[in-house]
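Reading through the structure tokens given below for one structure.
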Amino acid sequence: LWPWLLASSGLSALVQLVTLPFFPDSPPYLLIQKGNEEACRKAIRKLWGEGDHQEEIDDIMKEKAAMTSTKTLRVLEVIKERSLRWQLYILVTVMTTLQLCGINAIYFYSFEVFHTAKFEEYLIPYVSLGVGLCECLSSILCTTLIDRFGRKVLLWGGYTLMCSALALLTMTLSLQHQFFWMHYFSVILIFLFVIFYGIGP
């Protein structure tokens with residue numbers, strides 16, 4: 001079953017490969033990069049239907065004017081530019097915390113936690129699959145929450161809940177040899193951590 005499950009990811013790639021030639025090019029790409037206004041109008045009609053789309057074209061033209069007046073900076077120039085300093089700090093902080101938040105450790109050690117929780121050997125891969133599905137579903141849920149609460153709230157809330165889950169997981173793993181039911185709390189915390197990760201960072 002697992003080879004088929006792994007191979008199934010190629011199905012979506014195949015669908016994209018077959019259908020991609022039938023999709024129109026992006027209107028901003030056609031107008032800004034190619035300079036082809038007629039092709040841009042045609043793409044807009046194909047994407048949004050017939051009608052007067054002059055307002056959208058005007059927006060793209062404003063974007064083109066803004067891009068031509070903006071100087072392209074090299075990496076060192078971006079680092080030295082004082083006006084971009086805070087944006088750079090925020091970007092580096094978010095990317096660093098994303099890499100060091102513990103999700104890779106959770107995925108790496110989850111098999112051992114499930115094994116210690118006395119799950120049958122043949123069930124462990126399916127429980128691991130459930131962890132992955134939790135992340136997928138929570139990421140989908142995040143797309144609906146981000147417009148309502150904003151990125152900052154989701155980031156702060158996600159990291160706070162993840163820290164709490166990791167602290168509790170550390171405690172349950174330390175006490176798992178003293179209380180037999182502590183293994184199941186560890187499994188629940190792994191699922192919660194992955195859900196918080198999907199909703200937050």
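Below, all heavy atoms of this structure are taken into account, side chains as well, without hydrogens, waters or symmetry copies. We're numbering straight along the sequence, starting at 1.
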Could you check Leu98 against Tyr159 for side-chain contact (heavy atoms from CB on, under 4.5 Å), going step by step and ending with a plain yes or no?
-> CA-CA 9 Å; Leu98 192 61; Tyr159 279 123; 4.2 Å; yes
Distance (rounded to the nearest 0.5 Å) between [X] [atom1] and [Y] [atom2]:
{"X": "Leu155", "Y": "Thr97", "atom1": "CG", "atom2": "OG1", "answer": "7.5 Å"}
{"X": "Leu14", "Y": "Ser8", "atom1": "CG", "atom2": "OG", "answer": "12.5 Å"}
{"X": "Ile190", "Y": "Thr172", "atom1": "CD1", "atom2": "OG1", "answer": "8.0 Å"}
{"X": "Cys40", "Y": "Ile57", "atom1": "SG", "atom2": "CD1", "answer": "4.5 Å"}
{"X": "Glu37", "Y": "Ile60", "atom1": "CD", "atom2": "CD1", "answer": "9.5 Å"}
{"X": "Met162", "Y": "Phe193", "atom1": "CE", "atom2": "CZ", "answer": "3.5 Å"}

Mind listing the closest non-hydrogen atom pair of [X] and [Y] along with its distance?
{"X": "Leu189", "Y": "Leu169", "value": "CD1-N, 3.5 Å"}
{"X": "Ile32", "Y": "Lys64", "value": "CG1-CB, 3.8 Å"}
{"X": "Ala43", "Y": "Asp25", "value": "CB-O, 3.6 Å"}
{"X": "Lys46", "Y": "Phe22", "value": "NZ-O, 3.6 Å"}
{"X": "Ile146", "Y": "Thr143", "value": "CG2-O, 3.6 Å"}
{"X": "Val113", "Y": "Leu173", "value": "CG2-CD2, 4.0 Å"}

For [X], does the [atom1] atom sit with more than 12 other heavy atoms under 6.0 Å from it, leaving out its own atoms?
{"X": "Glu112", "atom1": "CD", "value": "no"}
{"X": "Phe185", "atom1": "CZ", "value": "no"}
{"X": "Arg45", "atom1": "CZ", "value": "yes"}
{"X": "Gln54", "atom1": "CD", "value": "yes"}

SB check Lys42 Glu38 (cutoff 4.0 Å) =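 Not counted as a salt bridge, because no side-chain N and carboxylate O are separated by less than 4.0 Å.
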Any donor-acceptor pair under 3.5 Å from Glu81 side chain to Val78 backbone | no
Close side-chain approach of Glu56 to Pro27, heavy-atom, < 4.5 Å = no
Report yes if some heavy atom in the side chain of Leu31 is under 4.5 Å from a heavy atom in the side chain of Asn36; otherwise report no.
-> no
Path from [X] to [Y] over hydrophobic side-chain contacts below 4.5 Å:
{"X": "Val153", "Y": "Leu141", "answer": "yes"}
{"X": "Leu192", "Y": "Leu129", "answer": "no"}
{"X": "Ile195", "Y": "Leu133", "answer": "no"}
{"X": "Leu175", "Y": "Leu166", "answer": "yes"}
{"X": "Phe180", "Y": "Met171", "answer": "yes"}

Kindly indicate, with the supporting measurements, whether the criterion ring pair (Phe, Tyr, Trp, His ring centres under 6.0 Å) is fulfilled by Trp181 and Tyr184.
-> CA-CA 6 Å; Trp181 42 266; Tyr184 302 106; 9.5 Å; no
Do the rings of Phe191 and Phe114 sit parallel, tilted or perpendicular, given the 30° and 60° boundaries?
-> tilted
Verify whether one side chain among Tyr107 and Glu135 offers a donor that lies under 3.5 Å from an acceptor in the other.
-> yes
Donor-acceptor pair between Ser138 and Tyr197 side chains, under 3.5 angstrom = no
